[in-house]
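Order of appearance sets the numbers: ligands from 1, and atoms from 1 within every ligand.
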Amino acid sequence: MREKLRIGLVGCGQFCRAFVPIFQCHPAVEFVGITDKFPERCREFDEKFHVDRIYDDFDHLVHSDELNSIAIFSQRDTHGWMAIEALKSGKHVYSAVPMALKVEEIQEIIRLAAETGLTYSMGETGIYRPASIFCRTRYAAGEMGDLVYAEAQYNHDMKGLYNVFKYTEGDKWKLMAGLPPMFYPTHSTSMVLSAARAHAVKTAAFGWTDNVDLDIFGEGMNYWDNPFSNTSMLLKLNNDATVRISENRRIAWGVPETYITSFNGTKASYECSLIQHSYISRPDREVFYEDVSDLLNPAELTAHRGEVDFMQSCVRGKWSGGYAPIQKTGRLPRELDHLATGHAGTHRFMVDDFCQAYMTGKQSPTNPWAAARYNLPGLIAHQSALNGGTLMDIPDPGDPPGEVLSEDREFNECDYH
Ligand SMILES: NC(=O)c1ccc[n+]([C@@H]2O[C@H](COP(=O)([O-])OP(=O)(O)OC[C@H]3O[C@@H](n4cnc5c(N)ncnc54)[C@H](O)[C@@H]3O)[C@@H](O)[C@H]2O)c1
């Protein structure tokens, strides 16, 4: 068995808070350090979690000899250069989404991962969400035929996130909040592309120029001069299917925020409307309906069906954090059982797949090549949208070297004990 992970977490902000205990309790991890630009955030984390070390800054952490890995939880525009620095200093990398905001940074991460053999895993919730698991397993079993068309989206009105940005950015928060929606495409793309076992080769996209609040989107209003609050892209896949992905940041919507609307094959289709999940198959002339809602919705949500204001609670996300029966929690280390869940129960899967990849020497499901295939279409689509929807080629990094862990395995490949 390899030496245990000695990991340094960068960015003691709002998201990282949920991950410190997961890394601390994970049996593959024996040391957890932290750093943040705000020393008081490190102190607060230490009081709460009793970490093993606080590092002065990113440089000290990334070059520390007592660490063999880092986990990046800083803001979205930092992930690319931090992952590159970490790989260059011989550290395995877990990174929150997105992978990076520049094509060149993504290519450099892939080059370094290939050259060094170090583990890189992007913590992407999408592939562990029930609808993605469902479409992936049914499609892989061959019962859906060939994929024809699919739709997915991530609907998150930025108004609900203004305070999230103010927390770290202070009075410059608007500059960061106006990120091009397509620079954060991986929740949607990963759900569909992992299920399709395919990648996008071309895109054409259209943006919605925000004219509602005139606060964060528009020329000179954000770091990217991004005018769009909503962008939709059409993707042509290498298997000839067409996919529509929408990244909406000014939209009246609730929960689910990230979901597949439809995944249509020649023999069967999956469709979703809020908490209604339908599977329609037509293997021959007859059409069959299967209600798979109870398999895909969190068990806790199903238990409250029929209560007063049930749907109201659902769209407000009341029971959205827990596990659905289709999620194979049996393979997760029991040491994590007592911890809180989040984002449809996906947090533990993301951390565990990074640990499993490191321990086995196999590629994580969200290895650099896969992560790039989820991330690059959005970066190119934003350019297409800026050009009024021109058709553009998407660079493809190819398949990862070596064996890749399956997202849908029943059991872990190595016992940590
Ligand atoms: N569903 C998801 O997958 C999901 C959900 C939420 C957030 N995220 C991602 O997690 C990341 C963090 O989000 P958040 O809401 O916690 O942000 P946040 O602003 O609350 O936290 C980021 C922290 O990183 C620190 N930081 C930035 N640069 C640093 C540096 N050079 N050295 C040390 N510390 C540094 C900041 O000071 C801040 O405390 C974002 O990239 C976001 O995209 C993903």
Side-chain angles (χ1 to χ4, degrees), residues 8-20 22 33-46 51 53-64 70-86 93-101 105 121-129 132 154-156 158 160-170 172-173 175-177 179-191 223 247 249 255-259 317 320-321 341-351 353-354 366 371 374-375 378:
L9 276 47
V10 185
C12 302
Q14 299 149 104
F15 195 46
C16 183
R17 197 173 288 275
F19 288 83
V20 179
I22 302 180
I34 54 169
T35 193
D36 197 284
K37 277 186 170 175
F38 294 87
E40 65 273 20
R41 294 189 184 175
C42 291
R43 284 196 295 275
E44 188 220 318
F45 267 42
D46 191 31
V51 297
R53 180 96 61 235
I54 294 175
Y55 295 89
D56 288 347
D57 53 30
F58 176 77
D59 265 2
H60 280 91
L61 180 143
V62 84
H63 296 300
S64 165
I70 84 163
I72 302 169
F73 290 99
S74 45
Q75 295 96 308
R76 355 187 131 194
D77 60 334
T78 61
H79 301 177
W81 69 262
M82 282 187 181
I84 290 168
E85 281 294 307
V93 177
Y94 174 95
S95 173
V97 296
M99 186 177 187
L101 303 187
E105 286 178 339
S121 187
M122 184 180 76
E124 175 48 66
T125 51
I127 64 163
Y128 304 105
R129 285 185 181 267
S132 187
Y154 172 42
N155 292 337
H156 204 155
M158 276 292 138
L161 291 173
Y162 284 177
N163 283 336
V164 169
F165 287 104
K166 285 177 190 168
Y167 180 66
T168 295
E169 307 296 332
K172 291 204 171 133
W173 69 273
L175 295 171
M176 184 67 88
L179 183 84
M182 278 295 161
F183 281 18
Y184 198 95
T186 58
H187 292 340
S188 320
T189 51
S190 66
M191 285 190 87
Y223 289 124
E247 295 297 329
R249 308 290 180 261
V255 171
E257 289 161 339
T258 311
Y259 59 106
S320 64
T341 57
H343 288 97
T346 58
H347 293 179
R348 295 177 206 172
F349 286 101
M350 299 194 293
V351 171
D353 274 0
F354 166 67
T366 45
Y374 301 151
N375 206 142

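E247 and S188 are linked by a side-chain donor-acceptor pair at a separation below 3.5 angstrom, with hydrogens and angles left out of the test. In summary, the side chains of R41 and T168 do present a donor paired with an acceptor at a separation below 3.5 Å, with no hydrogens or angles considered.
Between S95 and the options T78, V10, T366, I72, a side-chain contact (heavy atoms from CB on, under 4.5 Å) holds for only I72.
Considering only non-hydrogen protein atoms, atom 37 (O) of ligand 1 sits nearest to D36 OD1, 2.7 Å. Of all protein heavy atoms, the one lying nearest to atom 29 (C) of ligand 1 is K37 CG, 3.7 Å. Among protein heavy atoms, atom 24 (O) of ligand 1 sits closest to G11 CA, 3.2 Å. Nearest to atom 21 (O) of ligand 1 among the protein's heavy atoms is G13 CA, 3.2 Å. What sits closest to atom 12 (C) of ligand 1 on the protein, heavy atoms only, is F73 O, 3.1 Å. For atom 19 (O) of ligand 1, the nearest non-hydrogen atom of the protein is T168 OG1, 2.6 Å. Scanning the protein heavy atoms around atom 40 (C) of ligand 1, the nearest turns out to be S74 O, 3.5 Å. Ranking protein heavy atoms by distance to atom 17 (O) of ligand 1, first place goes to Q14 NE2, 4.1 Å.
Ligand 1 does not have D57 within reach: every non-hydrogen atom of the residue lies 4.0 Å or more from it. Distances shorter than 4.0 angstrom occur between a heavy atom of H79 and an atom of ligand 1. Residue-ligand proximity: H187 is placed with a non-hydrogen atom under 4.0 Å from ligand 1. Within the structure, the closest approach of M82 to ligand 1 falls below 4.0 Å when heavy atoms are considered. Residue contacts with ligand 1 do not include F165, since none of its heavy atoms lies under 4.0 Å from the ligand.
Listed by atom number, the atoms of ligand 1 under 4.0 Å from Y167 heavy atoms are 20 (O). Those atoms of ligand 1 that come under 4.0 Å of a heavy atom in R76, given as number and element, are 41 (O), 43 (O). Listed by number with element, the atoms of ligand 1 under 4.0 angstrom from any heavy atom of V164 are 15 (O). Within ligand 1, the atoms closer than 4.0 Å to a non-hydrogen atom of V97 are 3 (O), 9 (C), 41 (O), 42 (C), 43 (O), numbered from 1 in the order shown. Atoms of ligand 1 lying under 4.0 Å from at least one heavy atom of F38, given by number and element, are 37 (O).
Salt bridge status for R17 with E44: present, with a side-chain N to carboxylate O gap under 4.0 Å.
The nearest pair of heavy atoms linking P185 to G378 is CG-CA, 3.9 Å. Listed here is the closest heavy atom pair of Y55 and T35: O-OG1, 2.8 Å. Summarising the geometry of Y154 relative to R249, their closest heavy-atom pair is O-NH1, 2.9 Å, with the distance given to 0.1 Å.
Ring pair F15/H347: centre-to-centre distance below 6.0 Å. In summary, the aromatic rings of Y184 and H156 are positioned with their centroids too far apart to meet the 6.0 Å limit.
A donor-acceptor pair is defined here as one N or O able to donate and one able to accept, closer than 3.5 Å; such a pair exists between the side chain of D46 and the backbone of V51.
Contact annotation for A96 and ligand 1: only side-chain heavy atoms (C-beta onward) come within less than 4.0 Å of the ligand. Counting heavy atoms under 4.0 Å from ligand 1, residue F15 touches it through both backbone and side chain. Counting heavy atoms closer than 4.0 Å to ligand 1, residue Q75 contributes atoms from both its backbone and its side chain.
The distance from atom CE of M122 to atom CZ of F354, rounded to the nearest 0.5 Å, is 14.0 Å. Remark: I22 CD1 to T341 OG1 distance equals 9.0 Å, nearest 0.5 Å.
Applying the side chain to side chain donor-acceptor pair (under 3.5 Å) rule to S64 yields no partners; only residues at least two apart in sequence or on another chain are considered.
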